[in-house]
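Here's the structure we're looking at; comments come further down.
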Amino acid sequence: FFNLFLTRQNEEKRSLELGGHVGFDSLPDQLVSKSVTQGFCFNILCVGETGIGKSTLMNTLFNTLFEAEEASHYQNGVYLRPRTYDLKESNVQLKLTIVDTVGFGDQINKEESFKPIVDYIDTQFETYLQEEMKIKRSLFDYHDTRIHICLYFIAPTGHSLKSLDLVTMKKLDSKVNIIPIIAKADTISKSELHKFKIKIMSELVSNGVQIHQFPTEDDAVTEINSSMNAHLPFAVVGSVEEVKVGNKMVKARLYPWGTVQVENESHCDFVKLREMLLRVNMEDLREQTHARHYELYRRCKLEELGFTDTDPDNKPFSLQETYEAKRKEFLGDLQHKEDDMRQMFVNKVKETEAELKEKERELHERFEQLKRMHQEEKRNLEEKRSDLEEEMNAFNRRKVAAETLMGQSLQASSQSFRKDKKK
């Protein structure tokens with residue numbers, strides 16, 4: 001009966017035609033005007049080895065010269081250097097943030113090279129989440145620093161991806177939109193480049209790396225995005241130098257054998273990258289970052305904190321009850337840790353007392369041993385002393401006897417001398 005009632009309700013819905021102009025068809029214009037007034041932000045993460053051409057490509061992409069410091073190859077680790085610029089084209093303002101990975105790939109041990117990049121992306125998500133969870137929020141004028149696109153620069157080896165590239169992209173694909181690009185593509189031939197692209201895509205698929213695919217749901221961009229997805233990864237060449245070709249000045253790289261034009265689609269894919277990144281899909285990249293990557297981080301973070309949409313009984317979620325439960329759990333954990341620390345302290349004290357008693361026993365035994373040695377040495381000295389005294393007494397007796405005998409002999413000699421004198 002209820003389904004029948006809903007069916008009749010749907011049948012009774014009518015489509016009314018307006019008798020005159022109302023004005024809500026200006027909503028898109030209002031939205032555009034408000035967005036233009038507010039301005040836009042776009043954050044690009046450039047991941048690649050030192051000297052692969054990240055800064056040059058950014059200068060070429062936005063047709064300007066960003067301030068940049070040349071990084072050395074002697075960094076102890078990888079650190080990220082974000083720089084924000086205010087750009088304006090026509091009446092549209094863009095707050096652009098370019099994040100460079102300084103020292104990436106320069107260390108002998110590259111095992112943890114991806115970790116600072118992952119930590120930076122998570123930190124930006126965490127900062128936005130903290131702002132979102134404030135009681136008094138200011139998201140309208142908040143400077144969003146979440147990474148919208150990661151341009152991963154691949155060295156033009158012509159063979160295969162490095163293990164560092166595969167590991168890093170695998171760690172990043174669930175946190176950011178990744179577009180792989182082959183840097184300095186003018187260093188390999190066209191046939192090698194075609195084979196290299198096929199090899200890269202095959203290795204990405206076999207290793208389960210999810211790169212960004214331009215959306216094809218919107219009929220307005222379905223055709224161009226579908227064709228551009230087939231061109232991934234883009235092979236690009238960057239240059240800010242202008243060279244005269246024919247009757248006009250173009251951005252190009254001049255070689256002894258010829259000229260490589262940056263904006264010539266038969267020379268490289270720079271135009272394709274710029275069209276996809278800035279003109280066609282910039283807003284989609286921003287939406288994907290918020291709706292997919294940030295939502296995944298937010299969901300995992302809230303689940304770690306114990307928040308759910310429904311309780312075990314499928315009743316509406318209560319923030320107060322969850323807070324109280326988490327508070328009790330937290331206090332219980334603290335009490336448990338306190339008891340563990342107290343027990344650990346008691347055990348340490350007992351161990352220390354046992355060690356002190358053992359040391360005391362060893363010292364006492366040592367003292368008794370030294371005491372016995374001292375008594376033995378004292379007894380030996382007394383015996384030697386008594387022997388020496390006996391020897392001294394015997395010597396004195398012999399000395400007295402010898403003196404007596406000598407006196408007697410002298411007396412007898414003197415008497416015999418006097419008798420001889422009288423005669």
Side-chain angles (χ1 to χ4, degrees), residues 42-75 78-87 89 94 96-106 117 147-158 162 164-165 168 178-190 193 196-197 200 231-245 248-279 282 285:
F42 193 59
N43 306 319
I44 302 176
L45 171 64
C46 298
V47 181
E49 300 175 359
T50 305
I52 203 170
K54 301 186 292 292
S55 300
T56 303
L57 183 65
M58 289 298 103
N59 293 337
T60 312
L61 199 61
F62 290 95
N63 197 24
T64 187
L65 290 176
F66 298 112
E67 54 186 48
E69 299 176 3
E70 290 188 6
S72 67
H73 291 272
Y74 305 102
Q75 301 293 335
V78 180
Y79 73 93
L80 279 77
R81 182 174 61 194
R83 290 184 174 177
T84 302
Y85 308 94
D86 291 321
L87 304 181
E89 187 175 26
L94 177 67
L96 175 68
T97 300
I98 299 175
V99 184
D100 189 14
T101 53
V102 181
F104 183 78
D106 288 338
I117 305 174
I147 299 298
H148 298 126
I149 184 64
C150 170
L151 296 180
Y152 197 95
F153 289 71
I154 300 172
T157 59
K162 298 178 181 178
L164 174 63
D165 298 331
T168 304
I178 300 177
I179 295 182
I181 58 177
I182 302 172
K184 299 182 178 180
D186 54 336
T187 59
I188 54 179
S189 65
K190 276 196 172 183
L193 183 60
F196 191 34
K197 283 187 175 185
I200 290 174
H231 281 86
L232 289 173
F234 294 128
V236 298
V237 177
S239 176
V240 294
E241 298 179 1
E242 291 193 350
V243 178
K244 189 173 183 180
V245 177
K248 61 179 182 178
M249 301 295 292
V250 296
K251 288 184 173 62
R253 298 183 68 87
L254 187 61
Y255 292 100
W257 44 263
T259 303
V260 177
Q261 300 178 31
V262 173
E263 297 181 341
N264 189 333
E265 294 192 48
S266 63
H267 290 185
C268 68
D269 297 332
F270 173 79
V271 174
K272 296 182 178 66
L273 174 65
R274 186 175 61 188
E275 290 287 302
M276 291 295 98
L277 194 64
L278 305 180
R279 190 179 69 85
M282 177 184 280
L285 292 169

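Positions are given from 1, in the same order as the sequence printed here. Since we're looking at a predicted model, the values are computed, not measured.
The two residues Cys268 and Val262 make their nearest non-hydrogen contact at SG-O, 3.1 Å.
By the 4.5 Å heavy-atom criterion applied to side chains, Phe62 and Ile44 are counted as neighbours. In this structure, the side chains of Leu45 and Thr101 come closer than 4.5 Å at one or more pairs of heavy atoms. Considering only heavy atoms from C-beta on, Val240 comes within 4.5 Å of Thr60 through its side chain. Inter-residue side-chain proximity for Phe66 and Arg83 is flagged as unmet; no heavy-atom pair is nearer than 4.5 Å. A 4.5 Å side-chain heavy-atom check between Val99 and Ile147 finds at least one atom pair inside the cut-off. Considering only heavy atoms from C-beta on, Ile154 comes within 4.5 Å of Pro180 through its side chain. Val243 has its side chain out of reach of Met249: every pair of non-hydrogen atoms, C-beta onward, lies at least 4.5 Å apart. Side-chain contact between Arg253 and Val237 is present, with heavy atoms from C-beta onward closer than 4.5 Å.
In this structure, Asn264 contributes its side chain and Ser266 its backbone to a donor-acceptor pair below 3.5 Å. Without hydrogens or angle criteria, Thr56 side chain to Ser239 main chain gives no donor-acceptor distance under 3.5 Å. At distances below 3.5 Å, not a single donor-acceptor pair connects side-chain atoms of Thr168 with backbone N or O atoms of Asp165. One N or O on the side chain of Lys54 and one on the backbone of Gly48 form a donor-acceptor pair closer than 3.5 Å.
Glu241 pairs by the salt bridge (charged side-chain N to carboxylate O under 4.0 Å, His left out) definition with nothing, not counting sequence neighbours. Not counting sequence neighbours, the partners of Glu49 by the side-chain hydrogen bond (donor to acceptor under 3.5 Å, both in side chains) test are Lys162. Residues forming a side-chain hydrogen bond (donor to acceptor under 3.5 Å, both in side chains) with Asn59 (at least two apart in sequence, or on another chain): none. Listed by chain and residue number, Lys272 satisfy the side-chain hydrogen bond (donor to acceptor under 3.5 Å, both in side chains) test with Glu265 (two or more places apart in sequence, or in another chain). Every residue meeting the side-chain hydrogen bond (donor to acceptor under 3.5 Å, both in side chains) condition with Thr97, not counting sequence neighbours, appears here in chain and number order: Asn43, Thr84. Partners of Phe42 under the ring pair (Phe, Tyr, Trp, His ring centres under 6.0 Å) rule, at least two apart in sequence or in another chain, are His148.
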Derivation of the side chain to side chain contact (heavy atoms under 4.5 Å, CB included) call for Leu57 and Val236: CA-CA 8 Å; Leu57 183 65; Val236 298; 4.1 Å; yes
Check against side chain to side chain contact (heavy atoms under 4.5 Å, CB included), Tyr255 and Asp186: CA-CA 10 Å; Tyr255 292 100; Asp186 54 336; 2.4 Å; yes
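Partner of Asp269 under the salt bridge (Lys or Arg N to Asp or Glu O under 4.0 Å) criterion, chosen from Lys190, Arg274, Lys197: Lys197. Applying side-chain contact (heavy atoms from CB on, under 4.5 Å) to Leu151 and the options Val47, Leu273, Ile98 leaves one that passes, Leu273.
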